[in-house]
Structures are given as structure tokens and as C-alpha cells.
S.K.: 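Just dropping this structure here.
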Amino acid sequence: MKIAVLAGDGIGPEITAQAQRVLTALKSDGLKLELESGLLGGCAVDVTGEPFPEATRKLVTKADAVLLGAVGGPKYDSLPREKRPEQGLLAIRKELNLFANLRPAILYPELASVSTLKPEVVSGLDILIVRELTGDIYFGQPRGIEQRNGQRVGFNTMIYSEMEIRRIAHVAFQAARKRKGRLCSVDKMNVLECTQLWRDVVIETAKDYPEISLSHMLVDNAAMQLVRDPKQFDVIVTGNMFGDILSDEASMLTGSIGMLPSASLDEQNKGLYEPIHGSAPDIAGKDVANPLATILSVAMMLRYSFAQEDAALRIENAVRKVLAQGFRTSDIYEPGMKKVGTIEMGDAVLANL
Ligand code: IPM
Ligand code: MG
């Protein structure tokens, strides 16, 4: 199992270092893992001038899975768009055809009181957001900023083909089948033609899944329902931009965005695994970032790309134990708990592994 490790920027190197310790521990227990590091994002721009250099493209193409920390930082925000770290992330998703982004939002019982919502609203929360990741307004052409009639106009194109909608719908229906059997598709069909097609194709695809209960929700209502009564959801499927927004919202239901892993998969389950949070430049290098989302991303990698369910559960159970033992990084800290830094959190996970 060849794993490319792209630590990236900001807190990326700190959190991936802890995830790599977990992988190394599993390796010494007999899992046949090979790790190789590469550059992506701002650190790649610093060294090569490109956010997704050719060497990294080769590395991730031959790897079976990719572990990614996070990319981006204020230092790069004034670069031309095509040189920005975020373009590296979008390019690697597109290059590897990682169209299916799975973002589970699970509330660990120990963290119920860390959520900004009332414990009774979030306790037991377990939802899965299936976000389409290689289409939509993120990639649509034409796009740009140009002069028209003496002033600048900015424009992007929201576009989905029925093939793109159908294949993500299949992923979502199949995920719902393994869970509680409920799927909510989120669109804005009252205003946008593109998402009218989305709804039509999801309804057509539903014919293959008569056992799944399918509902539809407009994205503004979905944003509201997520904070009003998040437990009404099981699986949510939506496009790239709505999924970006709703998954950040869902993450906060669980107390901290620092807890949530993600998987981005192609048709063969080759995947890129990353925490859903960003590079958090404000806390980078201070040993305070929460490495659990990245460690849980390793569990997703073992499950989805390598079919190593036992190893995945071992990691997830270790994380549960660490929380039960009271270890907390500052994002999930409450008085009475044991405040730890990034490395100590890694130590605690390894001790429980
Ligand atoms: C995410 C991030 C990215 C996105 C950015 C960094 C390009 O917000 O993975 O959710 O918008 O997809
Ligand atoms: Mg995002």
C-alpha cells in the first residue's frame, strides 16, 4: 500500500506528523505500508514556483492513496490565482478524478458540551455529507474578471453534466444503504437550472434504490435545518459549492472542525484523505493544533482505499479512548479536562492504539 504524504502549509506538517506516527505504528504491527512525501500548496510554490509540481503529480499518480494536511496561507494570497496553494488542491482533485468527497460529521459523546448547540440537539449526531468535488462553479468555464462597458465584471459558470450528477448520486445512495437508508439531496432548483437538472437526475437514479427514502431540500433551508434539527439527516448529497459550505456548518455541530476527517474518492476507491479544516496559519508552529481529524482521515484511508476495516476501527477506538480519558487540544478544551498540544495528543493516540 503506497501512500503519498503531502503535509502542505500552516499546521499541515504538525498534524500529518502525528498521523504518520499512527501509520508507522500500524506498519510495525505488520501492515505493508510505504510512505513517500511530496510538496503541495504554498510549500511547493516556495520550492518550485508551482502549487502542484510535476514531481508531486508523478508521486500521487503512482500512489494507492494520498494523505494531505492542509494548504494555503496569507503569504500566498496576493499571488496570481493559478499560483495559489488552493489551486494545487483543486488540481490534484481534478487530476486524480476524486469526484466523491465523503465528510462524516459525528458527535463524540464526550464533546457534546463543546458544541455551540444545545446537547439535546446534537447528542448522537451522525451524518454523512457526500459532496461532489470535481465539477460545479469551482471548475466551470467561462470564468474571469474582465472589462465590460467601462467597468469590471466578475463571472463564473455553474455547470453539471448528467453523468457527473448520476455518479455522485450513486455514491450517495450506496452510502445511505450502509447507514440508516435516508438520503437528502440539496439543490437550489427554485432559481438555478443547473440544480434543476441535479434534482431531475437524482430522482431518476433513485429508481435503482427503491429501499432508500429520498428527500430534497433547497440549500438555504438545508443550512437552517442543519442548526435547527441536524439529527433529521442521515446522508446529504450536494454539489461542490453547496457541499463546501454545508460541510463547514455541519462540522461545528460536532464541537470543532478539528475533529472531522474526509475522503475524496475516484471510481476505483483510490483516495485522497484530509482533515476538512484548513491550514490555520494563526496557530501554525505552536504545537496547539488538533491532529485528530488527520488521524481519523488515516482511518478512512484504511477503510475505503485498503479495505482494512480492523485497522480503521483500531484508530477510531483509540481516538474515542483518548477523548474518554480527558485529553483535549485547545479547540475542544473545557475546564476539568487535560489540555494537551499536538504532539501530546499524538502520544495519547499511540498509547491507546
Ligand atoms: C475544502 C476547502 C477547499 C474547497 C479550498 C481550500 C479550495 O475549503 O476542502 O472544503 O473549497 O474545496
Ligand atoms: Mg471548505
Side-chain angles (χ1 to χ4, degrees), residues 3-20 35-61 63 65-99 101 103 131-141 143-145 154 156 240-241 243-245 247-248 251 257-258 260-264 271-286 288-291 293-294 297 301 331 342:
I3 304 170
V5 180
L6 311 176
D9 311 316
I11 58 172
E14 295 166 76
I15 54 179
T16 33
Q18 300 314 310
Q20 271 185 267
L35 307 184
E36 198 176 330
S37 304
L39 298 172
L40 184 82
C43 61
V45 173
D46 289 340
V47 176
T48 70
E50 298 295 331
F52 182 36
E54 181 56 24
T56 305
R57 202 186 61 77
K58 287 209 180 103
L59 173 70
V60 299
T61 306
V66 182
L67 178 67
L68 173 65
V71 299
K75 182 178 159 195
Y76 309 102
D77 282 347
S78 52
L79 289 176
R81 184 158 297 274
E82 68 280 4
K83 299 279 182 203
R84 288 193 205 157
E86 292 77 10
Q87 289 307 312
L89 183 56
L90 298 179
I92 194 173
R93 289 172 178 171
K94 197 74 176 171
E95 170 77 23
L96 298 180
N97 199 20
L98 306 171
F99 68 94
N101 184 211
R103 298 191 160 185
R131 170 189 176 195
E132 200 290 329
L133 203 60
T134 50
D136 203 351
I137 195 164
Y138 270 58
F139 293 94
Q141 296 286 348
R143 62 192 298 155
I145 302 174
N156 290 87
N240 203 347
M241 183 163 66
D244 178 42
I245 299 166
S247 59
D248 265 29
S251 74
I257 196 167
L260 296 196
S262 79
S264 306
L272 179 147
Y273 299 83
E274 56 177 323
I276 89 155
H277 61 71
S279 56
D282 53 323
I283 57 165
K286 297 185 180 154
V288 296
N290 185 347
T294 318
S297 298
M301 173 190 291
D331 56 314
T342 312

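Everything numeric in this text was worked out from a predicted model, so none of it was measured. Residues: numbered from 1 along the sequence shown.
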S.K.: For residues Arg81 and Gln87, report the shortest heavy-atom separation together with the two atoms involved.
M.R.: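 Heavy-atom minimum between the residues: O-CG, 2.8 Å.
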S.K.: Side chain to side chain donor-acceptor pair (under 3.5 Å), that's the test. Do Thr134 and Glu132 meet it? Break it down for me.
M.R.: CA-CA 6 Å; Thr134 50; Glu132 200 290 329; 3.2 Å; yes
S.K.: Assess the residue pair His277 and Ile15 against the criterion (side chain to side chain contact (heavy atoms under 4.5 Å, CB included)); give the C-alpha distance rounded to whole Å, side-chain angles, the decisive distance to 0.1 Å, and a yes or no.
M.R.: CA-CA 11 Å; His277 61 71; Ile15 54 179; 3.4 Å; yes
S.K.: Quick one: closest heavy-atom pair of Arg131 and Asn240, and the distance?
M.R.: NH2-OD1, 2.7 Å
S.K.: Which atom names give the shortest non-hydrogen contact between Arg143 and Tyr138, and what distance separates them?
M.R.: NH1-O, 2.7 Å
S.K.: Evaluate the criterion salt bridge (charged side-chain N to carboxylate O under 4.0 Å, His left out) for residue pair Lys75 and Asp9; output intermediate values, then yes/no.
M.R.: CA-CA 11 Å; Lys75 182 178 159 195; Asp9 311 316; over 6 Å; no
S.K.: Could you measure the distance from the CG atom of Leu6 to the OG atom of Ser37? Nearest 0.5 Å is fine.
M.R.: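 The OG atom of Ser37 is 8.0 Å from CG of Leu6, to the nearest 0.5 Å.
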S.K.: Working to the nearest 0.5 angstrom, can you tell me the gap between Ser262 OG and Arg103 CZ?
M.R.: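 Between Ser262 OG and Arg103 CZ, I get 5.0 Å after rounding to 0.5 Å.
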S.K.: Any idea which heavy atoms bring Pro275 and Thr294 closest together, and the distance?
M.R.: CG-OG1, 3.6 Å
S.K.: For residues Gly72 and Glu86, report the shortest heavy-atom separation together with the two atoms involved.
M.R.: CA-OE2, 3.9 Å
S.K.: Using every non-hydrogen atom in the two residues, find where Gln20 and Leu35 come nearest and quote the distance to one decimal.
M.R.: NE2-CD1, 3.9 Å
S.K.: Rounded to the nearest 0.5 Å, how far does CD of Glu274 lie from CG of Leu98?
M.R.: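 Going from CG on Leu98 over to CD on Glu274, the span is 9.5 Å.
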S.K.: Assess whether a salt bridge exists between Glu50 and Arg57, defined as any Lys/Arg side-chain N lying under 4.0 Å from an Asp/Glu carboxylate O.
M.R.: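 Looking at Arg57 together with Glu50, the answer is no, because their closest N to O distance does not fall below 4.0 Å.
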S.K.: Walk me through it: do Ile257 and Asp331 pass the test side chain to side chain contact (heavy atoms under 4.5 Å, CB included)?
M.R.: CA-CA 9 Å; Ile257 196 167; Asp331 56 314; over 6 Å; no
